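For the numbers below, each heavy atom of this structure counts, side chains included, while hydrogens, waters and symmetry mates do not. Predicted model only: the values in this text are computed from it and were never measured. Sequential numbering from 1 along the given sequence is applied to the chain's residues.
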Amino acid sequence: MEFTFEMFITLALVCFAIAGYASGKFPIDAVSISVLGLLFFIFEVFPVQGINFGDFIDGFANHGLLTVMALLVVAQGVHTTGVLNTFVDNIINLKSKPDELKSTFLIMTLFIVALFSSIMNNTPIIIIFIPLIAIIADKLGFSASKALIPLSYAGILGGMITLVGSSTNIIGAGVAKDLGIEGINFFTVTIPGLSIAVPGLLFVIFLLPKLMPKTDKLSSTFSDQQQKFIAQIEISEGSELIGESTENGKFNTLPNMNILLIQRGEHAFSAYQSIPIEKNDIIIVQADRKTLENALNILGEQLHPQFSDTKDVVTSDSDEQILVEALISPDSRMAGRNLEQARFRKLTGCIALGIKRTSRIFREQITDIVLEAGDVLLVQGTKISIENLKSNQDVTLLDYTYTELHRKKFARRSIIIFLITIFTIATGILPTVAAAMIGAASMIASGALSAERAINSLDRHVFLTIVSMLALSHAILMTGLSEYGAIKILEYTGEMGPVITLSFVFLFISILTNFLTNNASAALFMPLGISIAHSLNIDPLVCVITVILASNCSFATPYGYQTNLLVMAPGNYSLKHFLIGGIPLTLISWICFTIFVPWYYGIY
């Protein structure tokens, strides 16, 4: 087979895409759009039979892409309602001795991350578990940097286990289906995926933490010195805190809060007196912003300070709730008054949860604290009330502190929708794309997820990368480049047998996926894999599995997989730390694949 000019320009585009994504000098979106634009231009100037503009645009309606986008919305619905956060809180509050937990807690956490990642997008899972790792590290006395790269790898390995475990699996399966490969279902990748995931997890859990650096950067972020907001908890009937006593100035339920004072009627008690909490107690606490956000999920309106006029403002669980910080302006009319005297809640429709002043630590109720210019209020309100607060001359809104709170009221319906969606996909009652789209629509229609949050959950980087790589993949197929590549690979490995060929293809893709990104690799190399299968006269499904699993092996760089980037800054990692952990894990994955997958499919 001759190497044609059309193959050359297609190969040049492949090299351009790899260089563009790997260099990091250009935005991912710019590289993707450039690839797509060059495809239109080149094949208009040099037309190839079987290629037209419609083929490149078809990527926008690809079933795999639509499934990925819909499942991102479903996963965001679960994340927004705080279901996973509640689960995490229950883990944190397990009453066991630190010495007993130290050897098992990280193991349990990484297995849970891998399990969750097998049935939903792992990005929100990693986001939630990063602060959990920090809390565990602080409580049990180990460095969080020992656990964050393992956390990301556990999410990636877990994503190999089912079709919806990662967008890579869905895109790879979608491209394979477009190329005529049928029979790919929810559990198609499960057994081969487990052959890599199980040994990989054993390495990640037992050996990788020993290879990671020891730093205190992340845990110090959660240290007591950072807990500067003063807030108060007003104990209501049925509170989880009733009957609990403080231990060394803290609650087991809220381990990151410093208890400053317990007010009971006219009496005040020290947090070190171990007084059992009773209904109507007022507890003055010192905590950082993140801890107060988490406490809102547990305590709800018990963190809302009550005034003599309790009808100042009514909050609704159905409204989108925002948390933001507001600075008391130098000429503010609120200076010299407390929150009730300033009528802050009545005039703004917002609730001040805490007050931050660096010059001193208060040991009084925040309703009694006289405000000063320069104080920072932690404010909760609806989206409309927060927008109105921007025009208030008495405070300056700190926009970079804007956070949307979990909609805990809808947690049950979000998890039901999620489970039904996964069940429908797994059983094949509906096509995968239909089940995913219905699940996404149900999240919005049920109120569990606002339309705005749903739109924000659609990652444009993923979208554009997949579309451009689907278009480039079609060009590779139609120009004959995939067939030519398969022939050349077989010239060097064919005499060694199909096992060596598959092993080589897996290793080749698992190296490039670290620079090209996982989704791009799945779309780009699928035609090559299928051409190799036809040349070897083996079941094409084997090569589809090979490409999908290899594309997931983005362990050796922080750029190949989004979760690696998420843990890079918090763990104070550099490229060498991903190389230290990623190269051995890639080799383990390659060896396990080479030994098991050809045997499983009867190729030996």
Side-chain angles (χ1 to χ4, degrees), residues 1-19 35 38-39 42-43 46-52 55-56 171-184 192 468-516 520-551 553 590 593-594 597-599 601-604:
M1 184 177 185
E2 294 185 0
F3 187 70
T4 65
F5 177 72
E6 289 79 7
M7 292 181 190
F8 171 76
I9 56 178
T10 304
L11 181 60
L13 271 177
V14 172
C15 295
F16 170 79
I18 293 174
V35 169
L38 286 170
L39 282 168
I42 289 172
F43 289 103
F46 306 102
V48 173
Q49 185 176 2
I51 294 182
N52 56 60
D55 297 322
F56 298 143
I171 293 302
V175 175
K177 186 175 182 180
D178 292 340
L179 297 176
I181 309 302
E182 300 292 341
I184 303 174
S468 63
M469 289 304 101
L470 286 172
L472 187 54
S473 174
H474 182 74
I476 291 171
L477 179 68
M478 299 308 298
T479 59
L481 181 60
S482 61
E483 185 179 354
Y484 181 85
I487 291 172
K488 286 298 178 183
I489 290 174
L490 290 176
E491 284 182 6
Y492 294 99
T493 64
E495 294 182 0
M496 301 177 190
V499 174
I500 300 300
T501 302
L502 289 174
S503 178
F504 173 79
V505 170
F506 183 94
L507 183 61
F508 174 71
I509 296 174
S510 65
I511 292 172
L512 284 186
T513 192
N514 287 282
F515 307 98
L516 191 58
S521 295
L524 196 58
F525 293 116
M526 191 58 71
L528 174 64
I530 293 174
S531 294
I532 289 174
H534 291 316
S535 299
L536 290 172
N537 197 27
I538 62 174
D539 185 354
L541 186 62
V542 181
C543 286
V544 171
I545 297 297
T546 301
V547 173
I548 288 175
L549 294 181
S551 297
C553 294
W590 173 51
F593 169 86
T594 303
V597 173
W599 170 82
Y601 285 102
I603 295 176
Y604 277 121

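The CG atom of Leu38 sits 11.0 Å away from the OG atom of Ser468 when rounded to the nearest 0.5 Å. Distance check, rounded to the nearest 0.5 Å: CG of Leu179 to NZ of Lys177 gives 12.5 Å. Going from atom CH2 of Trp590 over to atom CZ of Phe504 covers 10.5 Å, rounded to the nearest 0.5 Å. The distance from the CD1 atom of Ile500 to the CD1 atom of Ile489 is 14.0 Å, given to the nearest 0.5 Å. Rounding to the nearest 0.5 angstrom, the gap separating the CZ atom in Phe525 from the SG atom in Cys543 is 14.0 Å. Note: Ile603 CD1 to Ile538 CD1 = 4.0 Å, rounded to the nearest 0.5 Å.
A donor-acceptor pair under 3.5 Å is formed between the side chain of Ser510 and the backbone N or O of Leu507. Without hydrogens or angle criteria, Thr546 side chain to Leu502 main chain gives no donor-acceptor distance under 3.5 Å.
Nearest heavy-atom pair across Ser551 and Thr513 is O-OG1, 2.8 Å. The shortest heavy-atom contact between Ala173 and Ile548 is N-CD1, 3.9 Å. Gly172 and Met526 make their closest contact through O-CE, 3.4 Å (heavy atoms, listed as atom of the first residue, atom of the second, distance). What you find for Cys553 and Asn514 is that their closest heavy atoms are O-ND2, 3.6 Å. In plain terms, the two heavy atoms of Ala533 and Asp539 that are nearest each other are CB-O, 4.3 Å. Across Ile509 and Ser521, no two heavy atoms sit closer than the pair CG2-CB, 4.5 Å.
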*Check step by step if side-chain contact (heavy atoms from CB on, under 4.5 Å) holds for Leu39 and Val35.*
CA-CA 6 Å; Leu39 282 168; Val35 169; 4.2 Å; yes
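Using a 4.5 Å heavy-atom threshold, the side chains of Leu549 and Phe506 count as touching.
Applying the side-chain hydrogen bond (donor to acceptor under 3.5 Å, both in side chains) rule to pairs touching residues 478-489 yields Ser482-Ser531, sequence neighbours excluded.
In this pair, Phe56 and His474 present their aromatic rings perpendicular. The plane angle is above 60°, beyond the 30 to 60° band.
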